[in-house]
Every structure is written in structure tokens, then in C-alpha cells.
Amino acid sequence: MSIATENLAKAIQKAMSTRPKVPGFPHLAETLRLAGVTRNIWTLPSCQSLYLTKFGSVVIQGTPLVIGQADVANFNLDALVRAIRVDQAGECSFPEFLSASWQAGVVRYDVDFEGRKVSYYGALEESYVEAYQAVALS
């Protein structure tokens with residue numbers, strides 16, 4: 001295991017063990033940022049997550065949302081914002097958030113931990129960018 005994968009695994013474990021239900025994501029994001037993670041690029045529906053860190057890049061392959069051939073939904077900003085708000089309220093699991101994002105036409109999203117923003121993209125490069133709040137970790 002490389003320094004990059006070991007550091008990321010420890011940061012994710014720490015974030016998940018101390019993460020509050022609300023605001024969960026900013027807490028997770030700050031934990032990763034402090035561990036040297038600069039970006040996280042999710043590709044849907046494969047659920048592949050690429051982490052760019054000061055120690056190197058690490059990929060995590062999650063369970064795909066789709067296997068085989070499937071239509072890609074049109075980018076639906078209202079549905080995406082609803083999915084984000086439900087997640088922010090702690091009313092869904094992360095896999096449910098990924099599924100709702102995919103159903104809203106998101107094919108990838110990019111988390112900028114240093115800039116504290118998430119950019120969501122559709123198949124035709126439609127996009128939505130949302131900033132998230134800074135949090136202090138205890």
C-alpha cells in the first residue's frame with residue numbers, strides 16, 4: 001500500500017467515524033482536505049472515485065449503478081438540487097444520493113476541497129456548481 005492510499009484510507013475512516021449526520025458532507029470534506037486531499041472526481045454510473053492528494057492519486061471503484069447499456073437521463077437541475085438538499089438534510093444514504101444524482105442526469109461531479117465547491121456535470125457538459133460551508137473540526 002502506498003503512502004497515498006494509506007493516508008486516504010485513514011482520512012476516510014476518521015471522517016466516517018466522527019461525521020455528524022448534518023452537516024455531514026462539509027465535515028467529511030474538511031477531514032479529507034486536512035489530510036492533503038485536493039480533489040475528488042466521481043464518475044457515474046460506474047461509481048468510480050478518483051482522489052487527487054498531495055501524496056499521489058488514488059482510485060476507488062464502487063458498486064456501479066448500471067451494468068451494461070443504459071440511457072442517460074437529460075440533465076435536470078431541479079431534480080439534482082432536490083437530491084443535494086435531501087442529502088444535506090441527512091435524509092438519505094450516500095448510495096441513494098448517487099442514484100438520485102444519476103437519475104437527474106449527472107454523469108460526473110468534481111469536489112474541489114480547497115475551493116469548497118462541488119461541480120456537477122451532465123452528458124452534454126451542462127453544469128451546476130454549489131459551494132459548501134467551511135466547518136471547524138473538534
Side-chain angles (χ1 to χ4, degrees):
M1 186 178 292
S2 72
I3 292 172
T5 55
E6 192 172 314
N7 182 66
L8 180 62
K10 287 179 183 177
I12 291 172
Q13 181 179 29
K14 179 180 180 181
M16 297 311 286
S17 69
T18 60
R19 177 184 180 187
K21 187 172 182 177
V22 176
F25 176 73
H27 183 278
L28 169 70
E30 183 63 6
T31 302
L32 294 176
R33 188 187 71 76
L34 291 174
V37 180
T38 59
R39 286 180 64 199
N40 180 215
I41 304 164
W42 274 87
T43 306
L44 299 177
S46 67
C47 291
Q48 181 186 65
S49 183
L50 175 64
Y51 291 86
L52 306 180
T53 83
K54 67 180 183 179
F55 301 108
S57 300
V58 178
V59 68
I60 297 176
Q61 179 58 58
T63 303
L65 300 172
V66 172
I67 296 175
Q69 188 173 1
D71 289 323
V72 176
N74 291 329
F75 189 77
N76 182 327
L77 181 57
D78 292 336
L80 172 59
V81 171
R82 275 194 304 278
I84 294 167
R85 299 298 174 258
V86 167
D87 181 61
Q88 289 172 337
E91 297 173 354
C92 71
S93 67
F94 183 61
E96 290 170 329
F97 168 72
L98 292 177
S99 180
S101 297
W102 165 247
Q103 291 169 18
V106 173
V107 296
R108 69 181 161 87
Y109 68 90
D110 185 342
V111 183
D112 174 354
F113 294 113
E114 294 172 334
R116 291 189 177 91
K117 65 182 178 179
V118 184
S119 302
Y120 300 87
Y121 299 94
L124 301 176
E125 292 300 312
E126 311 94 319
S127 65
Y128 172 69
V129 179
E130 183 164 295
Y132 61 89
Q133 69 210 34
V135 296
L137 302 180
S138 54

Engineer: Please state whether the rings of Trp42 and Tyr109 are parallel, tilted or perpendicular, taking 30° and 60° as the class boundaries.
Structural biologist: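 Taking Tyr109 first and then Trp42, their aromatic rings lie parallel (interplane angle under 30°).
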Engineer: Show the nearest heavy-atom pair for residues Gly115 and Asp112, with the distance to one decimal.
Structural biologist: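 Looking at all heavy atoms of both residues, the shortest contact is N-OD1, 2.8 Å.
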Engineer: If every non-hydrogen atom of Ile60 is compared with every non-hydrogen atom of Ile12, which pair is closest and at what distance?
Structural biologist: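 For Ile60 and Ile12, the tightest heavy-atom pair comes out as CD1-CD1, 4.1 Å.
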Engineer: Taking the side chain as every heavy atom from C-beta outward, state whether Asp110 and Arg39 have any atom pair closer than 4.5 Å.
Structural biologist: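 Asp110 reaches Arg39 side chain to side chain.
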Engineer: Would you give the length of the straight line joining atom CZ of Arg82 to atom CG of Leu77, rounded to the nearest 0.5 angstrom?
Structural biologist: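 That separation rounds to 10.0 Å.
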Engineer: Any non-hydrogen side-chain atom of Thr5 less than 4.5 Å from a side-chain atom of Phe55?
Structural biologist: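 The answer is no, as the side chains (C-beta and beyond) never meet within the 4.5 Å cut-off.
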Engineer: Okay, side chain of Ser101, backbone of Phe97: is any donor-acceptor separation there less than 3.5 Å?
Structural biologist: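 Such a contact is found between Ser101 side chain and Phe97 backbone.
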Engineer: Do Thr18 and Leu137 touch side chain to side chain, with heavy atoms closer than 4.5 Å?
Structural biologist: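 SC-SC contact between Thr18 and Leu137 ruled out.
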Engineer: Using a strict cut-off of less than 4.0 Å between a Lys/Arg side-chain nitrogen and an Asp/Glu carboxylate oxygen, indicate whether Glu30 and Arg19 qualify as a salt bridge.
Structural biologist: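 Salt bridge flag = no for Arg19 with Glu30.
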Engineer: Grouping I, L, V, M, F, W and Y whenever their side-chain heavy atoms are under 4.5 Å apart, do Tyr128 and Tyr132 come out in a common cluster?
Structural biologist: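 Yes, Tyr128 and Tyr132 fall within the same hydrophobic cluster.
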Engineer: Do Val106 and Phe75 have side chains that get closer than 4.5 Å, going by heavy atoms?
Structural biologist: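 Yes, at least one pair of side-chain atoms sits under 4.5 Å.
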Engineer: Do you reckon Leu50 sits in the same ILVMFWY cluster as Tyr121, going by side-chain contacts under 4.5 Å, direct or chained?
Structural biologist: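 No, because Leu50 and Tyr121 fall into different hydrophobic clusters, even though each may have its own neighbours under 4.5 Å.
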Engineer: Looking at CG of Asp87 and CD1 of Ile84, how far apart are the two atoms once the value is rounded to the nearest 0.5 Å?
Structural biologist: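 Answer for the CG-CD1 pair, Asp87 versus Ile84, is 8.5 Å.
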Engineer: Shortest non-hydrogen contact from Ala35 to Lys54?
Structural biologist: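 For Ala35 versus Lys54, the nearest heavy atoms are O-CE, 4.5 Å.
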Engineer: State which residue, out of Val37, Asn7, Val111, fulfils the side chain to side chain contact (heavy atoms under 4.5 Å, CB included) condition with Tyr51.
Structural biologist: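 Going through the options one by one, the only one that passes is Val37.
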Engineer: Should Leu32 and Leu8 count as side-chain neighbours, where that means a heavy-atom distance under 4.5 Å?
Structural biologist: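 Yes, at least one pair of side-chain atoms sits under 4.5 Å.
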Engineer: In the single-linkage hydrophobic clustering (I, L, V, M, F, W, Y; side-chain heavy atoms under 4.5 Å), do Phe94 and Leu65 co-cluster?
Structural biologist: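 Hydrophobic grouping puts Phe94 with Leu65.
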Engineer: Look at the side-chain heavy atoms of Ile, Leu, Val, Met, Phe, Trp and Tyr, link any pair under 4.5 Å apart, and say whether Val81 and Leu44 land in one connected group.
Structural biologist: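 Result: yes, single cluster for both.
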Engineer: Who pairs with Glu114 by salt bridge (charged side-chain N to carboxylate O under 4.0 Å, His left out), at least two apart in sequence or on another chain?
Structural biologist: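 Glu114 satisfies salt bridge (charged side-chain N to carboxylate O under 4.0 Å, His left out) with no residue once adjacent residues are dropped.
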Engineer: For the hydrophobic clusters of this structure (ILVMFWY residues joined by side-chain heavy atoms under 4.5 Å, transitively), does one cluster hold both Val86 and Val118?
Structural biologist: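 In one cluster with Val86: Val118, no.
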Engineer: Please report the shortest heavy-atom distance between Thr43 and Ser46, naming the atom on each side.
Structural biologist: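 Looking at all heavy atoms of both residues, the closest pair is O-OG, 3.2 Å.
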Engineer: State the OG1-CZ distance between Thr38 and Phe113, to the nearest 0.5 angstrom.
Structural biologist: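 Output value for this atom pair is 8.5 Å.
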Engineer: Taking atom OG of Ser127 and atom CZ of Arg108, what is their separation to the nearest 0.5 Å?
Structural biologist: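 With rounding to 0.5 Å, OG (Ser127) is 9.0 Å from CZ (Arg108).
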Engineer: Evaluate the side-chain contact (heavy atoms from CB on, under 4.5 Å) criterion for residues Met16 and Leu28: first the C-alpha distance (whole Å), next the side-chain angles of each, then the deciding distance (0.1 Å), finally the verdict.
Structural biologist: CA-CA 7 Å; Met16 297 311 286; Leu28 169 70; 4.3 Å; yes
Engineer: Is the number of heavy atoms from other residues, nucleotides or ligands within 6.0 Å of CD (Gln13) greater than 12?
Structural biologist: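 No, because the 6.0 Å sphere around CD of Gln13 holds 12 heavy atoms or fewer from other groups.
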Engineer: At their closest point, which heavy atom of Thr31 faces which heavy atom of Ala11, and how far apart are they?
Structural biologist: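 Between these two residues, the closest heavy atoms are CG2-O, 3.6 Å.
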Engineer: Ignoring hydrogens, what is the shortest heavy-atom contact between Pro26 and Val135? Give both atom names and the distance.
Structural biologist: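 Minimum heavy-atom separation between Pro26 and Val135: O-CG2, 3.5 Å.
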Engineer: Among residues two or more places apart or on two chains, list those pairs meeting salt bridge (charged side-chain N to carboxylate O under 4.0 Å, His left out) that have a residue in residues 60-72.
Structural biologist: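 For residues 60-72, and leaving out neighbouring residues, there are no salt bridge (charged side-chain N to carboxylate O under 4.0 Å, His left out) pairs at all.
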Engineer: What distance separates Leu80 CG from Glu130 CD, expressed to the nearest 0.5 Å?
Structural biologist: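 These two atoms lie 8.0 Å from each other.
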